[in-house]
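Atoms considered below: every heavy atom in the structure, side chains included; atoms not considered: hydrogens, waters and symmetry mates.
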Amino acid sequence: ARGPVIEAGPERGAPPPPTAEAAAALAAIRALPEAYRETLLMRLVEGLTGVFFTGGDQAKHKASLITGGADTAEMATLRARHELGALVVAGSSAGTAVQAPGPKEPMITGGESYNALVWGSFEAPCGAPAGDVCNDDLTFDAGGGLGFFTAGLIDTHFSERGRQGRIVRLAADTGYE
């Protein structure tokens, strides 16, 4: 027998539409000139006490906060607040992976354990085409992640996706102890 059917509702599925007040506030922000929006965004970032990075694609997270190898103003502010102990950082899936050390420690960007153990790892910076590398091959960004987690290499979904092999292989290939 199957379990109960759970219907999508406000707590599941699509988020509820914004309230009229929130929609009006968002429209007002969008109507501001770019310079004012940037100032408003920085003021919001400066007041954060926590940030949660969602799953999806760590390359997109990294590209939105580190451009041309340098921190954006928002990233510099997040980093400074974190180093002062004023910002808690958390994430899920890719949002966890992007917290990898950087810029001198590798960040896993893709691949499966089997291919990692058989073929090794391949450097493929976030957002860069991997060339002849297969989607299942272990790829990494040698420039690392955002650097909020500094205690070692990081990966996710060990139980769900059997990723133990890929982090072990990356550590061996990059000389990480």
Side-chain angles (χ1 to χ4, degrees), residues 3-111 124-130 135 139-151 153-161 163:
V5 175
I6 300 173
E7 298 293 328
E11 68 281 347
R12 294 196 169 267
T19 64
E21 183 180 85
L26 185 57
I29 290 169
R30 288 182 175 151
L32 292 171
E34 182 70 24
Y36 290 116
R37 286 196 311 258
E38 288 177 9
T39 301
L40 179 59
L41 176 62
M42 281 305 300
R43 290 220 174 145
L44 291 170
V45 171
E46 289 166 355
L48 291 176
T49 57
V51 63
F52 184 90
F53 292 96
T54 63
D57 184 349
Q58 56 263 47
K60 289 180 181 178
H61 287 309
K62 183 177 176 182
S64 70
L65 293 168
I66 299 177
T67 59
D71 287 354
T72 62
E74 295 83 6
M75 181 63 202
T77 301
L78 292 173
R79 191 179 308 284
R81 292 187 56 72
H82 183 258
E83 289 172 2
L84 290 171
L87 180 74
V88 175
V89 180
S92 174
S93 193
T96 300
V98 77
Q99 295 177 47
K104 298 178 182 169
E105 306 295 340
M107 174 180 67
I108 292 176
T109 56
C126 281
N135 286 338
T139 56
F140 68 95
D141 183 340
L146 301 178
F148 290 120
F149 180 82
T150 58
L153 297 178
I154 192 168
D155 202 355
T156 59
H157 305 298
F158 288 100
S159 298
E160 298 86 351
R161 299 182 187 166
R163 291 188 169 166

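Note that OG1 of Thr67 and NZ of Lys62 are 11.5 Å apart. Values are rounded to the nearest 0.5 Å. Note that CZ of Arg43 and CG of Leu48 are 14.5 Å apart. Values are rounded to the nearest 0.5 Å. Taking CD of Glu38 as the reference point, atom CG of Leu32 lies at 12.0 Å (rounded to 0.5 Å). Rounded to the nearest 0.5 Å, atoms CD1 (Ile154) and CD (Glu105) are 12.5 Å apart. Distance check: Asp71 CG to Arg79 CZ gives 4.0 Å after rounding to the nearest 0.5 Å. From Leu44, atom CG reaches atom CD of Glu74 across 10.5 Å, with rounding to the nearest 0.5 Å.
A donor-acceptor pair under 3.5 Å links the side-chain atoms of Gln58 to the main chain of Ile108, judged by distance alone. Looking only at distances, no side-chain donor or acceptor of Arg163 sits under 3.5 Å from a matching main-chain atom of Asp155. Looking at Thr109, its side chain does come within 3.5 Å of a backbone N or O of Thr139 through a donor-acceptor pair.
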Donor-acceptor list for residues 86-98 side chains, cut-off 3.5 Å, not counting sequence neighbours:
| residue | atom | partner | partner atom | Å |
| --- | --- | --- | --- | --- |
| Ser93 | OG | His157 | NE2 | 2.8 |
| Thr96 | OG1 | Gly91 | O | 2.8 |
| Thr96 | OG1 | Ser92 | N | 3.4 |

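Contact between Leu65 and Met75 at its shortest, heavy atoms only, is O-CB, 3.1 Å. Gly145 and Met107 get closest at one heavy-atom pair: CA-SD, 3.6 Å. Here the closest heavy-atom approach between residue Pro106 and residue Ala100 is recorded as O-CB, 4.3 Å.
Taking Phe53 as the reference, His61 meet the ring-ring contact (aromatic ring centres under 6.0 Å, His included) condition, with sequence neighbours excluded. Judged as a side-chain contact (heavy atoms from CB on, under 4.5 Å), and not counting sequence neighbours, the contacts of Thr19 are Glu21, Ala22.
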